[in-house]
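Values below: every heavy atom of this structure, side chains too, minus hydrogens, waters and symmetry copies. Only a predicted model underlies this, so the values are computations on that prediction, with no experimental measurement involved.
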Amino acid sequence: MSPLTVGFAGLGRMGTPMAARIAGHGFPLAVWNRTPRDTGQLAGRGARLAGTLRDLASGSNVIITMVSDGAAALSVWAEPGGLLEACTPGTIGIDMSTTGPHAAREIAARAALAGVRFLDAPVSGSVALAEQGTLTTMVGGEPTVLARAMPVLQAITGKQLHLGPQGAGAAMKLAVNIMIATVNQAVAEGLALAAEAGIDPRDAYDAFLVSAVSSPFLRYKRDAYLSPGNGPVSFTTALMAKDLQLALDIAEVAELPFRLTAAAKESLDRASAAGFGDADFACLARLLRPGSAPA
Ligand SMILES: NC(=O)c1ccc[n+]([C@@H]2O[C@H](COP(=O)([O-])OP(=O)(O)OC[C@H]3O[C@@H](n4cnc5c(N)ncnc54)[C@H](OP(=O)(O)O)[C@@H]3O)[C@@H](O)[C@H]2O)c1
């Protein structure tokens with residue numbers, strides 16, 4: 001069996017550390033981003049900068065994309081000049097972006113026409129976990145394809161969950177994110193209630209962390225909630241709102257009354273309208289503080 005050679009498209013907040021881990025594990029790696037970025041750190045690990053998607057695809061038998069949303073993923077894979085035009089049949093294509101199941105299945109169908117074996121494999125966890133290689137990936141697609149791609153996925157992620165056929169990973173990711181977004185709303189409201197009672201936010205947050213609601217998410221988001229707006233942006237308000245809209249679209253068709261998801265989406269939209277679309281989604285904690293602008 002030929003060795004795995006990897007092409008990676010999308011060097012944003014998540015894509016850059018994920019690509020760095022692939023290079024760090026010794027896989028031959030080519031990287032591409034739509035707009036020029038400083039790729040010095042990746043080059044230092046041996047990655048080759050591809051000038052075009054065609055260039056990225058040539059010589060790669062595993063291609064990973066990590067871009068903003070379904071429209072971006074479709075364009076990178078399926079538009080003229082996109083990856084599918086240049087992939088050798090038999091190539092494994094893995095989209096790790098959060099796109100929702102409809103886009104994932106559409107890319108999968110187009111990939112099949114090009115002879116590309118496609119997995120949707122979005123991730124749970126944020127930038128710090130991407131740097132550590134401890135993300136969880138939720139995978140839809142053929143188990144044999146997943147098995148072949150596994151060494152690369154293990155370089156990026158700590159857990160790999162096979163959820164079913166193509167689209168299943170993308171759907172599961174939305175299920176996780178609607179829970180995170182509603183927890184985000186709940187944390188902001190909990191902190192606001194504690195502040196209203198005169199409790200120091202740090203004491204309130206530390207009480208959350210030893211209470212029954214404690215979770216890995218609450219633990220790694222502590223700084224983001226206690227100093228919203230001051231720390232690095234891990235996941236933007238706009239991207240989280242995108243995920244909730246994908247979930248609400250599914251709920252509407254299935255006639256599922258997703259009230260919590262709708263409420264969380266409304267708060268995120270208000271935050272975006274107030275100029276916080278590019279801020280970390282934990283900014284809700286700032287906007288709900290007593291005396292702050294209403295969110
Ligand atoms: N951040 C998180 O904590 C987190 C966690 C789990 C999953 N996710 C998901 O992971 C994906 C990436 O998130 P991120 O935080 O890394 O986003 P990001 O920092 O905003 O990066 C987005 C990337 O997508 C590229 N892109 C956007 N539109 C494109 C297009 N039309 N064609 C080609 N490339 C395009 C951008 O390229 P340019 O540089 O040219 O704009 C950039 O490389 C999203 O689907 C997000 O929902 C994020």
Side-chain angles (χ1 to χ4, degrees), residues 13-14 68-69 98 100 122-129 136 138 170-252 254 256-295:
R13 288 186 184 88
M14 294 293 284
S68 309
D69 54 22
T98 306
V123 295
S124 182
S126 199
V127 176
L129 277 65
T136 293
M138 292 154 281
M172 190 65 222
K173 168 64 186 172
L174 295 185
V176 170
N177 263 22
I178 64 174
M179 294 179 68
I180 289 182
T182 52
V183 168
N184 183 52
Q185 176 78 23
V187 170
E189 292 184 13
L191 285 174
L193 188 143
E196 188 61 24
I199 299 168
D200 185 302
R202 286 165 298 190
D203 291 340
Y205 203 89
D206 289 342
F208 295 158
L209 290 182
V210 292
S211 75
V213 298
S214 188
S215 66
F217 172 74
L218 287 193
R219 284 195 288 279
Y220 74 67
K221 281 304 248 191
R222 185 177 189 278
D223 291 347
Y225 283 120
L226 292 180
S227 308
N230 294 337
V233 176
S234 292
F235 188 44
T236 66
T237 300
L239 282 181
M240 181 57 100
K242 171 260 302 183
D243 294 353
L244 299 196
Q245 188 58 55
L246 289 167
L248 288 171
D249 291 345
I250 293 169
E252 187 180 354
L256 297 169
F258 277 14
R259 296 189 186 88
L260 289 178
T261 305
K265 169 75 168 42
E266 191 191 330
S267 286
L268 293 170
D269 286 346
R270 285 183 192 217
S272 290
F276 292 88
D278 290 330
D280 193 274
F281 71 113
C283 70
L284 284 197
R286 175 164 156 190
L287 297 175
L288 279 188
R289 256 184 212 156
S292 301

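- Residue pairs meeting the ring pair (Phe, Tyr, Trp, His ring centres under 6.0 Å) criterion with at least one member in residues 172-200, sequence neighbours excluded, do not occur.
- Here the closest heavy-atom approach between residue C283 and residue F276 is recorded as SG-CB, 3.8 Å.
- When atom types are taken as modelled, the side chain of S272 and the backbone of L268 share a donor-acceptor pair closer than 3.5 angstrom.
- F235 pairs by the ring-ring contact (aromatic ring centres under 6.0 Å, His included) definition with F281, not counting sequence neighbours.
- Among residues at least two apart or in separate chains, side-chain hydrogen bond (donor to acceptor under 3.5 Å, both in side chains) pairs with a member in residues 237-252 are N177-D243, Q245-D249, Q245-K265.
- For the pair A247 and T261, the tightest heavy-atom approach, listed with the atom from each and the gap, is CB-CG2, 4.5 Å.
- The shortest side-chain heavy-atom distance between S68 and L239 falls under the 4.5 Å cut-off.
- For residues 223-236, every residue pair satisfying the side-chain hydrogen bond (donor to acceptor under 3.5 Å, both in side chains) rule, not counting sequence neighbours, is listed here: N184-Y225.
- The distance from atom CE of M240 to atom CD1 of I178, rounded to the nearest 0.5 Å, is 10.5 Å.
- Taking A171 as the reference, P101 meet the side-chain contact (heavy atoms from CB on, under 4.5 Å) condition, with sequence neighbours excluded.
- A heavy-atom distance below 4.5 Å is found between the side chains of V187 and L218.
- Here the side chain of R219 pairs no donor or acceptor atom with the backbone of L209 at under 3.5 angstrom.
- Within the model, atoms NZ of K221 and OG of S215 stand 11.5 Å from one another, a figure rounded to the nearest 0.5 Å.
- For A204, the side-chain contact (heavy atoms from CB on, under 4.5 Å) test picks out L191, A194, I199, with sequence neighbours left out.
- With sequence neighbours excluded, the residues forming a side-chain contact (heavy atoms from CB on, under 4.5 Å) with E189 are Q185, L288, listed by chain and number.
- Between L129 atom CG and Y220 atom OH the span is 6.0 Å, to the nearest 0.5 Å.
- Within the structure, the side-chain hydrogen bond (donor to acceptor under 3.5 Å, both in side chains) test picks out the following pairs touching residues 198-207 (sequence neighbours left out): D200-R202, D206-R222.
- To the nearest 0.5 Å, atoms CZ (R286) and CG (D280) are separated by 12.0 Å.
- Closest non-hydrogen pair, L246 versus G100, comes out as CD1-N, 3.8 Å.
- Taking all atoms of both residues into account, the shortest heavy-atom contact from L284 to A271 is CD2-CB, 4.0 Å.
- Of all non-hydrogen atoms in A264 and A181, the two that sit nearest each other are CB-O, 3.9 Å.
- The closest donor-acceptor contact from the side chain of S126 to the backbone of A128 lies at 3.5 Å or more, if one exists at all.
- Formation of a donor-acceptor pair under 3.5 Å by the K173 side chain with backbone atoms of V123 is found in this model.
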